[in-house]
Amino acid sequence: SKMKILFIAPKYTGGIGGHAARVAEKLREYGFDIKLMHTSHIPIDKLRNPSFAVLSSLKAIIGGDDYDVVHAFNIPSAFAMKYTKAKKKVLSIHGIYSEQVDSLHSDTITKAASITESKVLKWADKLTTDSKTVSEAYKKKLGVDFEFLYAPLDVTKFNDLPNVSKKEKQVIYV
């Protein structure tokens, strides 16, 4: 039977979300059964990630489906990953979360993010990143091991991209 995988991301467009959607598309071509968890969030800057974490967790708790693998993309998705019934839990991190928060928010929120970060990373069976810098930073900072995986790009898809509206206060990794 097909391997059942649940992907969890705040959205499936843009940087990490778009990456998750393209990985799902490729895996489906190879016969995997991939489901994307779609969750709403409160569209207010300081509440976007916390509301996504809470609402996606509730969805996971209520959801009740069993998966072979749950694959969460970035820290806010890890809460729903924790509550999803799956044989294996994978968390992919793009960038150092507490540093992203630090560059955008207050000291209190940054402190909360740092504490959250160290707890959340322990919930996954495997941690992956497409950045050797991220892998080395987390090893040094928290002593955790990441699997380094290249994130392949299908450059032909660049032609289909619409112009992206720039947002104030955004962290972008290149």
- line: In this structure, NZ of Lys59 is separated from OG of Ser40 (nearest 0.5 Å) by 7.5 Å
- prompt: Does the side chain of Ile75 reach to within under 4.5 Å of the side chain of Glu117, using non-hydrogen atoms?
  reply: yes
- prompt: So if you build clusters from Ile, Leu, Val, Met, Phe, Trp, Tyr with side-chain heavy-atom gaps below 4.5 Å, do Ile61 and Met37 land together?
  reply: no
message: Working to the nearest 0.5 angstrom, can you tell me the gap between Thr39 OG1 and Leu36 CG?
response: 11.0 Å
- prompt: For Tyr67 and Lys88, what are the C-alpha separation, side-chain angles and deciding distance, and is it a side chain to side chain contact (heavy atoms under 4.5 Å, CB included)?
  reply: CA-CA 8 Å; Tyr67 295 91; Lys88 290 288 174 199; over 6 Å; no
message: How close do Ala60 and Ala80 get, counting heavy atoms only, and between which atoms?
response: CB-O, 3.4 Å
- prompt: Can you tell if the side chain of Ser77 reaches within under 4.5 Å of the side chain of Ser56, non-hydrogen atoms only?
  reply: no
message: Assigning hydrophobic clusters by single linkage (Ile, Leu, Val, Met, Phe, Trp, Tyr; side-chain heavy-atom cutoff under 4.5 Å), is Ile44 placed with Phe52?
response: no
- line: When rounded to the nearest 0.5 Å, the distance separating OG1 of Thr84 from NE2 of His71 is 13.0 Å
Close side-chain approach of Val69 to Met3, heavy-atom, < 4.5 Å: yes
task: Indicate yes or no: does Asp68 engage Lys4 in a salt bridge with an N to O separation below 4.0 Å.
output: no
task: Flag yes if Leu55 and Phe73 sit in one hydrophobic cluster, no otherwise; membership is Ile, Leu, Val, Met, Phe, Trp, Tyr, and two members link when side-chain heavy atoms are under 4.5 Å apart.
output: no
task: With rounding to the nearest 0.5 Å, note down the distance linking NZ in Lys85 to CG in Leu6.
output: 12.0 Å
task: Please check if Leu127 and Leu149 belong to a single hydrophobic cluster, counting links between Ile, Leu, Val, Met, Phe, Trp and Tyr side chain heavy atoms closer than 4.5 Å.
output: no
message: I need the His19 NE2 to Asn74 CG distance, nearest 0.5 Å.
response: 10.0 Å
query: Hey, is the main chain of Ile34 close enough, under 3.5 Å, to the side chain of Arg28 for a donor-acceptor pair?
result: yes
Pair Phe79-Trp123, side chain to side chain contact (heavy atoms under 4.5 Å, CB included): steps then yes or no: CA-CA 9 Å; Phe79 295 88; Trp123 297 341; 3.6 Å; yes
N/O donor-acceptor pair under 3.5 Å between Tyr138 side chain and Ile93 backbone: no
- request: Show your working on side-chain hydrogen bond (donor to acceptor under 3.5 Å, both in side chains) between His94 and Thr129 and close with a plain yes or no.
  value: CA-CA 6 Å; His94 303 261; Thr129 184; 5.6 Å; no
message: If the test is side-chain contact (heavy atoms from CB on, under 4.5 Å), which one of Leu91, Asp125, Val90, Ile8 qualifies with Val70?
response: Ile8
- request: Take Tyr83 and Leu58 through the test side chain to side chain contact (heavy atoms under 4.5 Å, CB included) and record every step on the way to the result.
  value: CA-CA 8 Å; Tyr83 294 109; Leu58 287 172; over 6 Å; no
message: How long is the straight-line distance from OG of Ser131 back to OH of Tyr150, given to the nearest 0.5 Å?
response: 11.0 Å
query: Would you find a donor on one side and an acceptor on the other, under 3.5 Å apart, between the side chain of Ser51 and the backbone of Ile42?
result: yes
task: I would like to know whether Phe146 and Asp130 meet side chain to side chain contact (heavy atoms under 4.5 Å, CB included); could you show each step before the answer?
output: CA-CA 10 Å; Phe146 275 75; Asp130 59 359; over 6 Å; no
Basic-acidic side-chain contact under 4.0 Å: Glu29, Lys26: yes
- prompt: Mind checking whether Leu142 and Met81 sit in one hydrophobic cluster, side chains of I, L, V, M, F, W, Y counted as touching below 4.5 Å?
  reply: yes
